[in-house]
Amino acid sequence: MINFRYHVVSLTAVFLALAIGLVVGTAALNGPVADSLEGQVTGLRKDNQNWRQTVSNMEKQLGMEEKFAEEMSQVFLPGTLTGRRVVVLSLPNGRDHTEGVLKKLQLGGATITGRVDLQDKFINPDNNSNLLELAVTAARPTAQTTGLPGNGHGVETSSALLASVLLDRSQGTAPVSDADRRAVLAAYNNAGYLTTDSNKVTGSAEAVVVVSGQPYVDKDSDKRDESVVKIAEQFDRTGSIVVAGNGSVGGNLVSVVRGDPVLAQTISTVDNANTGQGQLVTSLALVQQLTEKKAGQYGVGDNAASLLPRLPQ
């Protein structure tokens, strides 16, 4: 007769068999599994070391390329822009490399008539009406609003006014007086749309370098990118222009210019102006604009025509 003791003995035997099986199975597999895991860990450790070395080599190579660009700038640039009057217009997304672009222009001998830093407020779509009003109130006797765009786009209208006081006017048009130029810039400066020392804007320029960067990514990114293009268009109507950018995709200024068959005929772009190489090429592209009246698309992006312009001897 099966009693309680029989059940206890049976259960004990089952658990004992399981325990023995686990011990035997673990002992049998422990060697191969452990060896395999150890091999994988060793391989991953070596891969990690190799990747670290690769990154280190790339950083070292980049540093050497930057050093090479700096040394080549000392060879190629001096004298190439002597006597040329250039204004530098930096956008909020291009501020980080504005100083580098400026130094290369000065190395080439350019006379920097001024540096104007447009603020985010200038391209904010919420300020469209205010910019339209300011373009009217900022006008001065020799800086009138007649002939400015009248399509209701504040950035476009204000950009046209700024271009008219920062760049040379067409022949037959009376030049802007220094007092009126300072007054217009002061009006936008005081309203927080741009930052500049109007007293250091020494006169009009024959060319402008627009320093831009990556595309905007906020909820108003499309409108902001459109405003940036409007700025470039208005300065392009008045003088020679080079866009010193960072990247050439995603709807930033460089990519839009290169994708527009009309703008690409008159606006030069450099897609790596955030590097020493690109800053060197920016100055060379400006030389090409001023001496050959020719635009080109340069840099490392897939849509660039070449790394740098070919200049006549």
Side-chain angles (χ1 to χ4, degrees), residues 76-77 79-91 94 97-98 100-118 147-149 156 159-173 175-176 181 196 201-212 228-245 248 253-254 256-258 260-273 278-299 304-306 308-312:
F76 283 115
L77 288 183
T80 56
L81 290 168
T82 299
R84 297 295 190 171
R85 293 168 290 111
V86 183
V87 61
V88 176
L89 184 73
S90 76
L91 302 177
H97 52 279
T98 298
V101 170
L102 189 60
K103 288 181 178 179
K104 291 295 188 299
L105 295 172
Q106 291 172 325
L107 179 61
T111 298
I112 306 300
T113 60
R115 170 180 171 174
V116 177
D117 296 335
L118 292 182
L148 298 182
E156 187 173 40
S159 296
L161 178 60
L162 291 175
S164 72
V165 300
L166 289 171
L167 294 174
D168 292 344
R169 290 189 169 186
S170 59
Q171 292 183 353
T173 305
V176 177
R181 179 182 297 105
T196 189
V201 177
T202 58
S204 63
E206 56 190 310
V208 57
V209 174
V210 178
V211 188
S212 67
V228 168
V229 175
K230 294 292 185 184
I231 295 169
E233 288 176 339
Q234 292 308 311
F235 276 83
D236 180 42
R237 292 176 183 273
T238 310
S240 299
I241 175 174
V242 175
V243 174
S248 59
L253 181 54
V254 172
V256 171
V257 170
R258 291 180 177 179
D260 189 311
V262 176
L263 295 179
Q265 292 298 314
T266 55
I267 299 178
S268 297
T269 63
V270 179
D271 61 40
N272 60 337
Q279 291 157 14
L280 165 60
V281 174
T282 296
S283 291
L284 296 178
L286 184 60
V287 173
Q288 184 184 51
Q289 276 269 6
L290 292 172
T291 59
E292 300 182 58
K293 306 299 180 183
K294 179 181 178 182
Q297 318 307 320
Y298 307 111
S306 60
L308 72 167
R310 297 193 179 193
L311 301 177

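For the numbers below, each heavy atom of this structure counts, side chains included, while hydrogens, waters and symmetry mates do not.
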Could you pull out the closest heavy-atom pair between A264 and A295, with the gap in Å? O-CB, 3.8 Å

Atom of I112, atom of T202 and distance for their closest heavy-atom approach: O-OG1, 4.3 Å

So does G296 get a backbone contact from the side chain of S268, meaning a donor-acceptor N/O pair under 3.5 Å? yes

Supply the atom-to-atom distance T80 OG1 to K104 NZ, rounded to the nearest 0.5 angstrom. 12.0 Å

D168 and S204: which non-hydrogen atoms are nearest, and at how many Å? OD1-OG, 2.6 Å

Checking side chain to side chain contact (heavy atoms under 4.5 Å, CB included) for the pair V229/L253: CA distance, chi angles, key distance, verdict? CA-CA 6 Å; V229 175; L253 181 54; 4.0 Å; yes

The single option from V270, V243, T269 that satisfies side chain to side chain contact (heavy atoms under 4.5 Å, CB included) with Q297 is T269

Approximate separation, where rounding is to 0.5 Å, of T282 OG1 and D271 CG: 9.5 Å

Using only atom types and a distance under 3.5 Å, with no angle test, would you say the side chain of S212 pairs donor to acceptor with the backbone of G94? no

Which heavy atom in A160 sits nearest to a heavy atom in L148, and how many Å separate them? CB-CD2, 3.6 Å

Gap separating the CG atom of D236 from the CD1 atom of I241, nearest 0.5 angstrom: 5.5 Å

For L166, which of V208, V201, L161 qualifies under side chain to side chain contact (heavy atoms under 4.5 Å, CB included)? V201

Using modelled atom types only, decide if a donor and an acceptor are shared between the side chain of R181 and the backbone of V165 within a distance under 3.5 Å. yes

Is there a donor-acceptor contact under 3.5 Å from the side chain of Q289 to the main chain of T266? yes

Nearest 0.5 Å, what's the CZ-CD distance between R85 and E206? 5.0 Å

Measuring from atom CG of L284 to atom CZ of R310, what distance do you get when rounded to the nearest 0.5 angstrom? 13.5 Å

Run the side chain to side chain contact (heavy atoms under 4.5 Å, CB included) test on F235 and L162 for me, step by step, so that the C-alpha distance in whole Å, both residues' side-chain angles and the decisive distance to 0.1 Å come before the verdict. CA-CA 8 Å; F235 276 83; L162 291 175; 4.2 Å; yes

Minimal non-hydrogen separation, S164 against V176, with atom names: O-CG2, 3.6 Å

Minimum heavy-atom distance between S248 and R258, given as atom pair plus value: CB-NH1, 3.6 Å

Is there a side chain to side chain contact (heavy atoms under 4.5 Å, CB included) between D117 and T196? Walk through the geometry before answering. CA-CA 6 Å; D117 296 335; T196 189; over 6 Å; no

Report the C-alpha distance between I231 and L89 in whole Å, list the side-chain angles of each, state the deciding distance to 0.1 Å, and finish with yes or no for side chain to side chain contact (heavy atoms under 4.5 Å, CB included). CA-CA 10 Å; I231 295 169; L89 184 73; 3.8 Å; yes

When rounded to the nearest 0.5 angstrom, what is the spacing between CG in L77 and CD in Q279? 11.0 Å

